[in-house]
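First the structure, in the form of structure tokens, and then the observations on it.
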Amino acid sequence: MDTRQEMEDKGLTILKRLEDNCLLENITTQFGLHGIKMHDAVREMALSITRMNPRYMIQAGLQLEELPEKEQWSPDIEKVSLMYNSISEISIDVLPTKCQLLTTLLLQNNPIKKIPYSFFTNMPCLSVLNLSFTKIESLPNSISELKNLTTLLLHSCRELRDLPCLSRLQELKELDLRWTEIEEVPEGIDMLIKLRYLDLEVFTLKEIPAGLLPKLVHLQHLSFAGNNEKISLKAEELEPLKKLELFTGCFEDISEFTKFISSMQQSKKSLIKYHLRVGSYLIPAWRTPEIDKKVAIGGIDNWEGELIMHPIEIQELHITECDYLRSLVDDNSSFKNAIDLRVCRIWGCTGIECVVSLSSCSSSSAHPFQSLEVLDLQFLPMLSAFIMKDEGIGSATTSLAPSATFSHLKEITIYSCSSMKTLLPHWLLANLQNLEEIHVGACSQLVEILGAATSEVEEKGSDTLIKFHLPKLRELRLSKLPNLKSICSKSGVMVCDSLQLIQVVVECDKLKRIPPFVPLVGTGQPFAYAPPSLTIRSSTEWWEWLEWDDHPNFKNVLRFNPFGNF
């Protein structure tokens with residue numbers, strides 16, 4: 001097929017058809033992911049069929065310590081699976097001698113350390129070879145004789161340090177060297193003009209030879225280790241790869257990154273999946289494997305947020321140690337056009353004062369962060385607000401943010417942002433109706449989580465309760481907040497019927513009040529009510545300190561789950 005996307009779609013269609021006909025069944029894996037398996041009865045039937053013609057030898061997961069005897073390697077055998085065994089050595093005495101029709105050999109997840117030279121000499125039709133997760137240190141030169149080989153998989157061969165020349169493998173389409181220990185690109189890769197899939201996610205790799213990539217014009221998947229600081233790519237090397245669909249790699253600076261995106265735009269080509277890093281900062285591992293389009297920018301001097309965003313629709317963005325950045329969305333930034341952004345993490349940017357500056361956004365048709373689900377802000381000493389006008393934090397009487405901004409936000413994490421005094425102002429809550437989790441820690445000046453401006457209190461009257469509506473909020477976790485006095489303003493009540501947990505850990509000594517709650521429905525007394533599933537988790541000492549204003553029996557309607565005193 002022309003594209004990997006077409007291949008994947010076709011494969012999923014086949015799997016769905018097999019599922020619908022009960023030949024495969026849905027399962028949940030040990031990691032909680034969706035998977036499929038073959039029913040035992042169907043597998044036995046398939047094995048019975050393939051013992052005849054075409055003939056397969058399937059001895060997977062049987063704890064074999066050596067290859068099957070020579071007699072089992074018959075001349076008409078086509079496919080062999082010996083995966084997930086305990087084969088550590090391939091003895092010359094049991095080497096197959098006549099495998100003229102063998103096309104597929106699966107040896108992954110065996111502790112094989114060495115393969116004899118003569119092992120591959122009698123497999124002229126071998127097309128697929130999987131040696132992933134083995135302990136081999138090198139491949140025999142005889143692998144170069146496999147002229148029909150299309151797929152060579154060496155994923156996680158952590159002892160593998162070099163390969164023979166591959167130039168004669170002219171039919172090779174897929175080469176996976178991910179997480180091996182090679183230091184140089186194997187000789188002869190530039191001759192593999194049919195190569196579609198190349199994974200060089202190798203942390204020990206020292207360089208990519210200049211002129212190599214432009215020769216591999218059929219590449220659809222190209223991957224380098226994002227945290228290998230020795231490998232930085234040039235846009236001009238990638239420009240000839242017109243068929244590229246999936247790409248992981250690093251650019252040294254914003255200029256090269258921008259050139260790359262511009263070339264994609266000019267060729268009207270959009271990547272289906274990418275993980276891109278810009279700059280010298282080594283990012284932590286990506287935490288959201290289900291997201292396909294990710295960009296990390298770190299350690300860029302004099303960068304103020306300018307970036308060409310289209311046609312790449314970023315879904316996850318990390319910005320780390322870019323000190324000149326004052327806000328993520330303002331006049332100079334095009335992040336307001338990142339309408340598909342779902343995860344945003346900003347760490348260690350000492351100059352950032354707010355996430356969104358509305359100097360121009362209010363008159364713009366763009367809705368910054370309309371798809372954002374996770375906002376993670378850490379070690380930002382100048383951050384004082386999520387949204388700000390040029391003249392400062394927005395007043396409570398003016399609706400500043402476009403209605404779609406933050407409208408899909410589910411999780412907020414704020415850590416070590418020492419200028420923040422009020423986390424979420426009352427006027428912003430209308431945009432946060434999907435918020436589920438709030439995690440706040442080490443913000444030394446934070447006074448309240450949910451706040452109403454003085455003008456708003458005066459407008460409504462000091463005796464009027466201000467309702468803080470967060471209908472989907474489930475968790476509120478607080479730690480190391482020495483100046484935190486309240487969760488919401490003194491005149492406020494919370495309408496949070498989904499709230500399940502308020503956790504107060506350490507150094508929140510000034511927080512002595514849990515706000516009253518109002519039920520979303522019903523006419524009961526508001527101050528005798530707490531969300532049905534709410535649990536307070538804290539030290540016993542903090543629980544005993546709590547003050548409840550004029551409602552001394554309010555503790556009776558709350559569940560308390562203590563952990564050890566701190």
Side-chain angles (χ1 to χ4, degrees), residues 31-32 287 373-378 409-417 420 422-424 429 432-444 446-451 467-490 492-522 524-566:
F31 303 108
R287 303 179 187 179
E373 297 178 6
V374 176
L375 181 60
D376 182 357
L377 307 173
Q378 300 191 36
L409 193 61
K410 294 181 179 180
E411 179 183 328
I412 292 176
T413 298
I414 306 291
Y415 189 84
S416 193
C417 297
M420 185 79 77
T422 297
L423 186 70
L424 300 175
L429 297 193
L432 302 176
Q433 296 300 286
N434 287 301
L435 189 62
E436 297 178 3
E437 298 180 23
I438 301 175
H439 303 165
V440 190
C443 296
S444 58
L446 195 71
V447 175
E448 58 187 355
I449 303 299
L450 309 173
K467 295 181 180 180
F468 291 86
H469 287 264
L470 289 172
K472 294 186 179 180
L473 187 65
R474 292 186 294 105
E475 291 185 9
L476 175 60
R477 297 177 183 264
L478 310 173
S479 67
K480 296 183 181 180
L481 304 171
N483 284 299
L484 182 67
K485 295 181 179 179
S486 64
I487 290 177
C488 72
S489 297
K490 184 84 172 179
V493 294
M494 295 181 69
V495 185
C496 302
D497 220 36
S498 296
L499 194 60
Q500 298 175 8
L501 175 67
I502 296 178
Q503 177 170 292
V504 181
V505 188
V506 294
E507 298 179 30
C508 296
D509 297 343
K510 292 184 180 181
L511 180 63
K512 297 181 179 180
R513 176 178 174 268
I514 295 294
F517 296 89
V518 174
L520 291 175
V521 294
Q525 293 295 320
F527 300 121
Y529 172 86
S533 58
L534 177 60
T535 295
I536 307 295
R537 191 159 190 257
S538 71
S539 66
T540 302
E541 183 181 13
W542 181 84
W543 174 255
E544 292 174 349
W545 284 346
L546 283 182
E547 300 171 0
W548 294 93
D549 298 336
D550 298 326
H551 312 285
N553 66 339
F554 191 69
K555 282 187 181 181
N556 297 333
V557 299
L558 290 172
R559 282 188 299 276
F560 172 54
N561 181 12
F563 44 65
N565 293 332
F566 292 90

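Just the heavy atoms: all of them, side chains too, but no hydrogens, waters or symmetry mates, feed the values below.
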Q: To the nearest 0.5 angstrom, please state how far the CG atom of L470 sits from the CG atom of L429.
A: 5.0 Å

Q) Salt bridge check: are E437 and R474 linked by an N-O gap of less than 4.0 Å? A) yes

Q) Do F468 and L424 touch side chain to side chain, with heavy atoms closer than 4.5 Å? A) no

Q: Quick one: closest heavy-atom pair of R559 and P532, and the distance?
A: NH2-O, 3.1 Å

(Q) Return the CZ to CG distance between R537 and L476, rounded to the nearest 0.5 Å. (A) 14.5 Å

Q | side chain to side chain contact (heavy atoms under 4.5 Å, CB included) between Y415 and K480, intermediate numbers included | A | CA-CA 9 Å; Y415 189 84; K480 296 183 181 180; 4.1 Å; yes

Q.
If I compare all heavy atoms of L501 with all of R477, which pair ends up nearest, and what's the gap?
A. CD2-NH2, 3.5 Å

Q) Can I414 and L446 be said to form a side chain to side chain contact (heavy atoms under 4.5 Å, CB included), step by step? A) CA-CA 11 Å; I414 306 291; L446 195 71; over 6 Å; no

Q. Between the main-chain N or O of G492 and the side-chain N or O of S489, is there a donor-acceptor pair closer than 3.5 Å?
A. no

**Q.** From CG (N561) to OG1 (T540), nearest 0.5 Å
**A.** 9.5 Å

Q) Do the side chain of N483 and the main chain of V447 share a donor and acceptor less than 3.5 angstrom apart? A) no

Q: Could you pull out the closest heavy-atom pair between R513 and C488, with the gap in Å?
A: NH1-O, 3.7 Å

Q) Considering all heavy atoms of both residues, which atom of V495 and which atom of K467 are nearest to each other, and what is their separation? A) CG2-CB, 4.0 Å

Q: Determine whether E475 and E411 make a side-chain contact, defined as any pair of heavy atoms from C-beta on separated by less than 4.5 Å.
A: no

Q: For the pair F560 and S538, evaluate side chain to side chain contact (heavy atoms under 4.5 Å, CB included) and give the outcome as yes or no after the intermediate values.
A: CA-CA 8 Å; F560 172 54; S538 71; 3.3 Å; yes

Q. Which pair of non-hydrogen atoms, one from S416 and one from C443, has the smallest distance, and what is that distance?
A. N-SG, 4.0 Å

Q: State the CG-CG distance between L423 and L450, to the nearest 0.5 angstrom.
A: 7.5 Å

Q) Would you say L511 and L481 make side-chain contact, with heavy atoms under 4.5 Å? A) no

Q: Could you pull out the closest heavy-atom pair between S498 and P471, with the gap in Å?
A: OG-O, 2.9 Å

Q.
Looking only at side-chain N and O atoms, does E448 offer a donor or acceptor that is under 3.5 Å from a partner on T422?
A. yes

**Q.** Interatomic distance, H469 atom NE2 to C496 atom SG [nearest 0.5 angstrom]
**A.** 9.0 Å

Q.
I'd like to know whether I449 forms a side chain to side chain contact (heavy atoms under 4.5 Å, CB included) with L484, so could you lay out the CA-CA distance, the side-chain angles of the two residues, the decisive distance to 0.1 Å, and finally the verdict.
A. CA-CA 8 Å; I449 303 299; L484 182 67; 4.1 Å; yes

Q: Starting at CG of L546, measure out to CD1 of I514 and round the result to the nearest 0.5 Å.
A: 5.5 Å

